[in-house]
A.B. asks: 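Below is one structure. I have some questions about it.
Note: hydrogens, waters and symmetry copies are ignored here, and every other heavy atom, side chains too, is used. Letters A, B, ... are given to chains in the order of the sequence lines, protein chains preceding strands, and every chain is numbered from 1.
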Amino acid sequence: EVQLVESGGGLVQPGRSLKLSCLASGFTFSNYGMNWIRQAPGKGLEWVASISSSSSYIYYADTVKGRFTISRDNAKNTLYLQMTSLRSEDTALYYCARIAARARGVMDAWGQGASVTVSS
Amino acid sequence: DIVLTQSPALAVSLGQRATISCRASESVRSSMHWYQQKSGQQPKLLIYGASNLASGVPARFSGSGSGTDFTFTIDPVEADDIATYYCQQSRNDPLTFGSGTKLEIK
């Protein structure tokens, strides 16, 4: 069974940093690209960042570019999102999502999400 | 960025057909996908490539369209289908989502 489990969320003050992790199991993690998607309270879905299977290609939404860093450790089956200079508008549930094989941009598995609250 | 427009809500009787539309601000060809998000849960892929049923998804769900106009259909609607449905395009970066359509039961 494909599983994605996020961790590392919490309450953080504006301007501080936080690092999310997403542990993958049930599939060959190193074969898949991955996304971070976020959802602000009561709002819709927003793509945050993407990373290819070998980390060769990395993309960010303009809203987080320069502040967030996506990375992965294929030996540990883990995806990361390092978030710095956090703002109140970064408050959201952060999902990691697997990019389907041979279907660019399609997300066929999602984690339960990690909650990030940015507030003083 | 490509903007995807969905109507905010739809009320349908059990056993009837629900049709949700998604309009793109420019052509996405067939790179449109649909997700279901139940309250308190993560999104789930239902349809990819405009009309392809994702693995394990019941045939009550279907999708159609190309270019800028897309339709997602549930027929017949069951009580378990209460959720918000999002369209998402992958034709152009950045990936974008519609604002979601909340399906309610009459």
A.B. asks: Test of understanding: clusters of I, L, V, M, F, W, Y form through side-chain heavy atoms closer than 4.5 Å, transitively. Do B/W34 and B/F61 belong to the same one?
C.D. replies: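 Yes.
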A.B. asks: Is chain A contacted by the side chain of B/Q89, its backbone, both, or neither, given a heavy-atom distance below 4.5 Å?
C.D. replies: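 B/Q89 has no heavy atom closer than 4.5 Å to chain A.
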A.B. asks: Are A/F68 and A/Y80 joined in one hydrophobic group, where the rule is that I, L, V, M, F, W and Y side chains link up if heavy atoms are under 4.5 Å apart?
C.D. replies: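 In one cluster with A/F68: A/Y80, no.
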A.B. asks: Can you hop from A/Y59 to B/F97 via hydrophobic side chains spaced under 4.5 Å?
C.D. replies: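 Same hydrophobic cluster.
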A.B. asks: Which residues from residues 28-49 of chain A are near chain B, with near meaning under 4.5 Å between non-hydrogen atoms?
C.D. replies: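 Those residues of residues 28-49 of chain A which have a heavy atom under 4.5 Å from chain B are A/N35, A/I37, A/Q39, A/K43, A/G44, A/L45, A/E46, A/W47.
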A.B. asks: Using the rule that two of Ile, Leu, Val, Met, Phe, Trp, Tyr join whenever any of their side-chain heavy atoms come within less than 4.5 Å, decide whether A/L23 and A/L4 are in one cluster.
C.D. replies: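 Each belongs to a different hydrophobic cluster.
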A.B. asks: Are B/Y35 and B/I20 linked, directly or through other ILVMFWY residues, by side chains that come within less than 4.5 angstrom of each other?
C.D. replies: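 No, no single cluster joins them.
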A.B. asks: Just checking heavy atoms, which of residues 93-120 of chain A are less than 4.5 Å from chain B?
C.D. replies: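 Contacts with chain B: A/Y95, A/R104, A/G105, A/V106, A/M107, A/D108, A/W110, A/G111, A/Q112.
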A.B. asks: Please determine, among B/Q41, B/R91, B/Q37, B/K44, the option with the most heavy-atom pairs under 4.5 Å with chain A.
C.D. replies: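 Of the options given, most contacts go to B/Q37.
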A.B. asks: More than 12 foreign heavy atoms under 6.0 Å from CZ of B/R60: is that the case here?
C.D. replies: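 Count over threshold, so yes.
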